[in-house]
Amino acid sequence: MRYLTAGESHGPALCAIIEGLPANLWLDPEKINGDLARRQQGYGRGGRMKIEKDCVEVLSGLRFGRTLGSPLALRIINRDFENWRGKMDPAGTEPADLEAVTRPRPGHADLSGALKFNLADVRDVLERASARETATRVAVGAAAKALLAVFGIQVYSQLVAVGDVAAKTLPTEELVLRYGEVEESLLRSADKAAEAAMIAAIDYAKVTGDSLGGVFEVVVVGLPPGLGSYTHWDKKLDGRLAAALMSIQAIKGVEVGGGFALAALLGSVVHDQIGFQQGRGYFRLTNRAGGIEGGMTNGEPVVLRVAMKPIPTLYKPLKSVEMANHLPFEAAVERSDVCAVPAAAVVGEAVVAWEMALALREKAGGDSLEEMKANMANYLKLLAGR
Ligand code: EPS
């Protein structure tokens, strides 16, 4: 199973092609739209989100809501393209008065991208480097979630911090039970006091022309043991999840389970002790490993924490160099998000869902959902006898 995405932020549309979903999976485009809407929410977004109302069109691979086993093609229209006609048209002649962007913004792909691809107009870089691209990844992730749901696997997210304001996160079992509170929160946090403090921090950053990052958590429950593998470096699930999360724009760090904090502790207080119960099988007494040992799921919930840097597009100017004459200038912008950590959490769910679905496809194989289910049932039967 694999996917590709294409699309510029202010071009006509974003697209994705997913190949390798099993046949006979029910996929509701409205459910995909639900996740697209969740990504657009969150306190701290800028003016662009008032223009867009992301909506997926399924162009192939689906017949009356059921996958055919053929590639699924998805399209999300950029409503803002109407405002960029004459500047972002894929065809036609470049207008003589087209203004090139030659002032790279610190913290963006602008400068390195323009040098790497030998592009004179930084817009050629920033249009694709933009986090707008994450809309396609959320659509792809929603398809992966539909597959996971058939096998009782669910993906959740919550915020851990915005800037230096930390929230009390819900432990996994409570997160599942009280997820409605997280979903209703403007900052994906059930901690009301922290939510208010986070909003105040974002408001302050906004009036001072600044931006804020933060930390979010992605949790996956209902996983069988044995997804991923210890046998080779590129099969290790923790590595694959970290790579997927690090590939989201502005992400600077990923922790699995206890993460960096475990490095300071003694082994005897870190490792999750093993228990066994008839009917339940093997389990861990704690979950500091975050559900992954030896690059494989161990049957406990997978818990990942992800750090996002502050958005680099700032109203407050930062020093940069004009590429036309190498003279210094102060980079500032007209429109930006102040904080997009809640949106990034939804994107995090999507890329994690994809990696989990991939690992599940590797384990259960099959060309149809029925074949996949039978293979999975057989594996679970085998586990029940161990
Ligand atoms: C982004 C800049 C802003 C964000 C955008 C990501 O867009 P614009 O330049 O049009 O104001 O709104 O995010 C999205 C459009 C989105 O859908 O999340 C950037 O430079 O990365």
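Just follow the structure's listing: the first ligand is 1, and inside any ligand the first atom is 1. All heavy atoms count here, side chains included; hydrogens, waters and symmetry mates do not.
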Checklist entry - Is the closest basic N to carboxylate O distance between Arg178 and Glu181 below 4.0 Å? => result yes
Next on the checklist: Can you confirm whether more than 12 heavy atoms, excluding those of Ile199, are under 6.0 Å from its CD1 atom?
Outcome noted: yes
Checklist entry - Are Arg75 and Glu57 close enough for a salt bridge, meaning some N to O gap below 4.0 Å? => result yes
Counting only pairs under 3.5 Å, give me each side-chain donor-acceptor contact of residues 251-265, with atom names and distances, residues two or more places apart or in other chains.
from   : atom 1 : to     : atom 2 : distance (Å)
Glu255 : OE2    : Phe260 : N      : 2.9

Checklist entry - In order of chain and number, which residues sit within 4.0 Å of ligand 1 by heavy atom? => result His10, Arg39, Arg45, Arg48, Met49, His108, Ser130, Ala131, Arg132, Arg335, Asp337
Using residues 346-353 as the side-chain source, report each donor-acceptor pair under 3.5 Å to any protein atom, sequence neighbours left out, with the distance given to one decimal.
from   : atom 1 : to     : atom 2 : distance (Å)
Glu349 : OE1    : Arg38  : NH1    : 3.0
Glu349 : OE1    : Arg38  : NH2    : 3.3
Glu349 : OE1    : Lys145 : NZ     : 2.6
Glu349 : OE2    : Arg38  : NH2    : 2.8
Glu349 : OE2    : Ser157 : OG     : 2.6
Glu349 : OE2    : Tyr179 : OH     : 3.4

Atom pairs and distances, donor-acceptor, side-chain atoms in residues 113-122, under 3.5 Å, two or more places apart:
from   : atom 1 : to     : atom 2 : distance (Å)
Asp121 : OD1    : Val101 : N      : 2.8
Asp121 : OD1    : Arg123 : N      : 2.9

